Structure formats: C-alpha cells, structure tokens
Amino acid sequence: LPSRPMEIYDGAIPSGNSVSLDNLLRLSSLTGKERYAELAGRMAARFSSRIESNPIAYTHFLSGLDFGFGPSSEVVICSPGDERGAEGMLSSLHEQYLPRTVTLVVSTEGTKRDLNIISPFTKDMKPVGDTATAYVCTGHSCRRPVTDIHEMLDLLKTDGYNSGIFTAEEKNGKD
C-alpha cells in the first residue's frame with residue numbers, strides 16, 4: 001500500500017489505535033504527565049467523526065474515552081519489604097470491576113526510587129507501621145492512608161462511579 005491505514009475498528013481484538021488511546025490515558029494517570037493525555041486527545045479528535053457515525057464498531061476506543069473523561073482513581077499500595085505484604089489488597093482490587101482505576105505497588109526501596117521518578121505524586125507515600133497501606137487518589141489528590149482492605153474498597157466505592165464494588169452483604173442481597 002502507498003500509505004498505512006489508520007485502523008480503529010474494534011472487532012474481537014481491539015485495534016492498535018484503541019489500545020494506544022487507552023494506554024496513553026492510563027500513562028497520564030499513572031505519571032501525572034499531561035502530554036500523554038494531550039496525545040490521546042489529538043487521537044480522539046482525529047477519529048471522532050468516524051466514531052460518531054457508528055459507535056458500536058469502536059467499543060474499546062469508547063472505553064478508553066470513558067477512562068479519559070473520568071473521573072478516574074489511582075491506588076498506590078505501599079508494602080513493607082516485598083510485594084507479598086500487598087497481595088491481599090491487590091487480590092481485592094483484582095476481584096472488582098474498576099475500569100477507571102490504575103494501581104501502583106511500592107514494595108522495596110528500589111521500586112520506591114524508580115516510582116518517585118515516574119510518578120512523583122507517590123514521593124511521600126509509605127507503609128503505616130509494618131502493614132501494607134493503600135492510598136486512594138483522584139487526580140493525584142489522595143485521601144488518608146488505610147491499612148484495611150474493606151476501608152480501601154469503601155474509599156473507592158464512595159467516589160460513586162465505581163459501581164462494580166459491593167460489600168459481601170450487598171452482593172449476597174443482589175443475587
């Protein structure tokens with residue numbers, strides 16, 4: 001072909017451009033760097049007329065836009081020692097449907113140093129005592145640190161847009 005087509009159609013496998021949009025928006029959320037969100041915005045503007053004419057064909061792209069329009073959350077889990085201390089919190093997050101949430105784990109001094117460079121908003125975060133600690137943030141503005149899994153999920157739930165989170169009692173009552 002004399003030129004490469006810019007494909008965004010999402011079939012059984014999302015298009016590369018749809019995945020790129022989602023990744024750019026998540027990188028912006030993880031790092032706080034607006035340049036990634038700006039690139040995603042330019043991509044969305046470029047394809048907007050095609051998407052508007054047939055939105056059902058661009059489901060992954062629209063999912064990325066949903067993340068971009070937010071609100072979204074960042075969860076930073078600080079674990080004393082290695083990642084095993086954070087396993088309970090991570091498992092609880094992975095059991096939930098949280099399409100607008102990104103997660104970072106700080107488990108060693110090495111990862112803390114690296115993460116401070118990539119995500120400067122995590123600089124002052126540390127475990128409380130000798131327990132894995134979660135910081136639930138929106139737009140890099142964080143709430144008080146919590147060490148209890150249920151409190152972490154409650155903080156996410158109170159944002160109102162994470163409707164996929166239920167307590168065990170609520171879930172049993174909905175079945």
Side-chain angles (χ1 to χ4, degrees), residues 14 17-46 48 60-167:
N17 282 305
S18 294
V19 172
S20 293
L21 176 85
D22 193 43
N23 287 341
L24 286 168
L25 291 167
R26 289 179 184 281
L27 273 171
S28 179
S29 181
L30 287 168
T31 64
K33 294 183 179 168
E34 282 299 311
R35 74 172 187 246
Y36 298 125
E38 290 167 9
L39 286 169
R42 290 201 324 243
M43 182 184 283
R46 179 174 186 164
S48 64
H60 194 81
F61 200 90
L62 289 171
S63 178
L65 288 177
D66 179 63
F67 180 86
F69 285 120
S72 61
S73 293
E74 305 87 28
V75 178
V76 182
I77 300 173
C78 299
S79 175
D82 59 20
E83 255 182 60
R84 282 177 279 163
E87 283 178 356
M89 287 183 165
L90 281 171
S91 291
S92 294
L93 287 172
H94 292 157
E95 290 171 0
Q96 309 301 318
Y97 178 65
L98 301 168
R100 293 184 185 160
T101 302
V102 294
T103 307
L104 297 161
V105 178
V106 182
S107 59
T108 65
E109 281 305 312
T111 59
K112 182 157 182 58
R113 265 192 319 275
D114 294 342
L115 200 55
N116 288 343
I117 294 167
I118 297 167
S119 301
F121 77 98
T122 65
K123 186 177 114 185
D124 296 324
M125 296 178 182
K126 59 185 179 256
V128 173
D130 219 14
T131 308
T133 304
Y135 293 80
V136 176
C137 313
T138 301
H140 306 132
S141 175
C142 302
R143 299 194 181 151
R144 62 181 171 72
V146 295
T147 57
D148 181 73
I149 292 170
H150 299 291
E151 283 185 76
M152 173 188 69
L153 295 176
D154 284 345
L155 288 175
L156 281 166
K157 184 179 179 182
T158 58
D159 288 338
Y161 60 85
N162 284 315
S163 58
I165 298 179
F166 304 105
T167 64

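Note that the numbering runs from 1 along the sequence shown for the chain. This is a predicted model, so every value here is computed, not measured.
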Quick check: do Phe67 and Val102 have side-chain heavy atoms less than 4.5 Å from each other?
yes
Please report the closest heavy-atom contact between Pro14 and Val19, naming both atoms and the distance.
CB-CG2, 3.9 Å
From Leu155 atom CG to Met152 atom CE, the distance as rounded to the nearest 0.5 Å
9.0 Å
Residue pairs passing the salt bridge (charged side-chain N to carboxylate O under 4.0 Å, His left out) test where at least one lies in residues 61-77, sequence neighbours excluded:
Asp66-Arg100
Do the side chain of Ser119 and the main chain of Leu30 share a donor and acceptor less than 3.5 angstrom apart?
yes
About how many Å separate CG of Asn116 and CG of Asp124, when rounded to the nearest 0.5 Å?
8.5 Å
Could you tell me which non-hydrogen atom of Met125 sits nearest to which non-hydrogen atom of Lys112, and how far apart they are?
O-NZ, 2.8 Å
Here the gap from Leu153 atom CG to Leu93 atom CG, rounded to the nearest 0.5 Å, amounts to 6.5 Å
Ring pair (Phe, Tyr, Trp, His ring centres under 6.0 Å) filter on Phe121, not counting sequence neighbours, yields His140
Under the salt bridge (charged side-chain N to carboxylate O under 4.0 Å, His left out) definition, can you give me all pairs with a residue in residues 24-44, not counting sequence neighbours?
Asp22-Arg26
Pairwise distance OG(Ser20) to CZ(Phe61) - rounded to 0.5 angstrom
9.5 Å
Considering residues at least two apart in sequence or located in another chain, which fulfil the side chain to side chain contact (heavy atoms under 4.5 Å, CB included) criterion with Glu151?
Arg144, Val146, Asp148
Pairing residues for Ala132 by the side chain to side chain contact (heavy atoms under 4.5 Å, CB included) criterion, not counting sequence neighbours
Met89
Minimum heavy-atom separation for Pro145 to Thr133, with atom names?
CB-CG2, 3.5 Å
Check Ser72 against Ser29 and note the closest heavy-atom contact, atom names and distance.
OG-OG, 4.1 Å
Between NZ on residue Lys123 and CG on residue Leu115, distance to nearest 0.5 Å
13.5 Å
Do you know the tightest heavy-atom contact between Ala44 and Leu65?
CB-CD2, 3.7 Å
Ser28 side chain vs Leu25 backbone, donor-acceptor pair below 3.5 Å:
no
On a heavy-atom basis, which atom in Ser73 and which in Thr138 lie closest, and how many Å separate them?
OG-OG1, 4.0 Å
Using the test side chain to side chain contact (heavy atoms under 4.5 Å, CB included), find all partners of Thr111 that sit at least two apart in sequence or belong to another chain.
Val106, Ser107, Thr108
